[in-house]
Amino acid sequence: MSSRIVVALLLFSLVSVAWATPGLVTKVSPHSVDETVERVESLLSKKGIRVFAVVDHRSNAQGAGLELGEITLIVFGNPKLGTPMMQSNPTVGIDLPMKIVVWRGADDKVYLAYNDPEYLAGRHGITDRDGVVKKMSGALSNLTDKAIEP
């Protein structure tokens, strides 16, 4: 096996491991970063879910004289779901409101990822909000599926 193939396989495995981060749900989008972000924002708006911030990390990096690929963070929340979680354990407030990050990978594919609410419940020892966690998980899954549909 040539050294180039070995290096390529090694890099691919490192990239795959990096995107298989525990607690994150990661999906591939067929759209550009900007279009994926716009689709997420539009879907949130239609559901009446407040978008608190959209952070263009690339633009911020450029403002500091640094280079960074396309990566945008959407911060949003629904107090009807987040508040009960924080009533159970205020430390979950470090992870709430929810976030979706959208970026272009080294493989030129566009990805989006979000924290798995079940992971957050486990991380913060929340055992009395199964219905809320299930509702959050379903809503995020449906939202992101719609955002990335062709």
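Because the structure is predicted, anything quoted here is derived from the model rather than measured.
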* Any side-chain heavy-atom pair from Ile100 and Phe76 closer than 4.5 angstrom? -> yes
* To do: Could you pull out all residues at least two apart from Asn115 that satisfy side-chain contact (heavy atoms from CB on, under 4.5 Å)?
  => Leu24, Met98, Leu120
* Asked: Would you say Arg50's side chain and Pro79's backbone share a donor-acceptor pair under 3.5 angstrom?
  -> no
* Asked: Would you say Leu140 and Pro117 make side-chain contact, with heavy atoms under 4.5 Å?
  -> yes
* Asked: Do Met85 and Met136 come close enough that some side-chain heavy atom pair is under 4.5 Å?
  -> yes
* Asked: Which heavy atom of Lys146 sits nearest a heavy atom of Glu149, and at what distance?
  -> O-CG, 3.1 Å
* Does CD1 in Ile94 sit with more than 12 non-hydrogen atoms of other residues, nucleotides or ligands closer than 6.0 Å? -> no
* Where at least one partner belongs to residues 88-101, residue pairs that pass side chain to side chain donor-acceptor pair (under 3.5 Å), sequence neighbours excluded -> Ser88-Asp128, Ser88-Arg129, Asn89-Thr91, Thr91-His124, Asp95-Arg123, Asp95-His124
* Asked: How far apart are the C-alpha atoms of Tyr114 and Ser141, what are their side-chain angles, what is the distance that settles it, and do they pass the side-chain contact (heavy atoms from CB on, under 4.5 Å) test?
  -> CA-CA 9 Å; Tyr114 60 89; Ser141 180; 4.0 Å; yes
* Asked: So which pairs with a foot in residues 60-80 pass side chain to side chain donor-acceptor pair (under 3.5 Å), sequence neighbours left out?
  -> Glu70-Arg104
* Should Val75 and Val92 be counted in the same cluster of Ile, Leu, Val, Met, Phe, Trp and Tyr side chains packed under 4.5 Å apart? -> no
* Asked: With the 4.5 Å side-chain cut-off for hydrophobic clustering, are Trp103 and Val55 part of the same group?
  -> yes
* Structure fact -> All heavy atoms of Val110 vs all of Val33, minimum pair found to be CG2-N, 3.9 Å
* **Interatomic spacing from CE in Met86 to CG in Leu81 - rounded to 0.5 Å** => 10.5 Å
* Taking atom CD of Glu38 and atom CD1 of Ile74, what is their separation to the nearest 0.5 Å? -> 10.0 Å
* Would you say Leu43 and Val25 are hydrophobically clustered, going by side-chain heavy atoms of ILVMFWY under 4.5 Å? -> yes
* To do: Could you state whether Leu73 and Val51 fall into the same hydrophobic cluster, counting links through intermediate Ile, Leu, Val, Met, Phe, Trp or Tyr residues with side-chain heavy atoms under 4.5 angstrom apart?
  => no
* Asked: So do the side chains of Ile148 and Leu112 get within less than 4.5 Å of each other, counting heavy atoms only?
  -> yes
* Asked: What's the spacing between Phe52 CZ and Leu44 CG if we round to 0.5 Å?
  -> 10.5 Å
* Asked: Hey, does the side chain of His57 reach the backbone of Gly69 with a donor-acceptor pair shorter than 3.5 angstrom?
  -> no
* **Heavy atoms of other groups near Lys27 NZ, more than 12 under 6.0 Å** => yes
* So, for Leu68 and Ala61, which heavy atoms are closest and what is the spacing to 0.1 Å? -> CB-CB, 3.8 Å
* Given the rule that I, L, V, M, F, W and Y join up when any side-chain heavy atoms are under 4.5 Å apart, are Val54 and Tyr111 in one cluster? -> no
* Nearest heavy atoms of Val40 and Ala147, plus distance in Å -> CG2-CB, 3.6 Å
* Asked: Between atom CD1 of Ile71 and atom OG of Ser59, what is the distance when rounded to the nearest 0.5 Å?
  -> 13.0 Å
* Check whether any side-chain heavy atom of Gln87 sits under 4.5 Å from a side-chain heavy atom of Val132, and report yes or no. => no
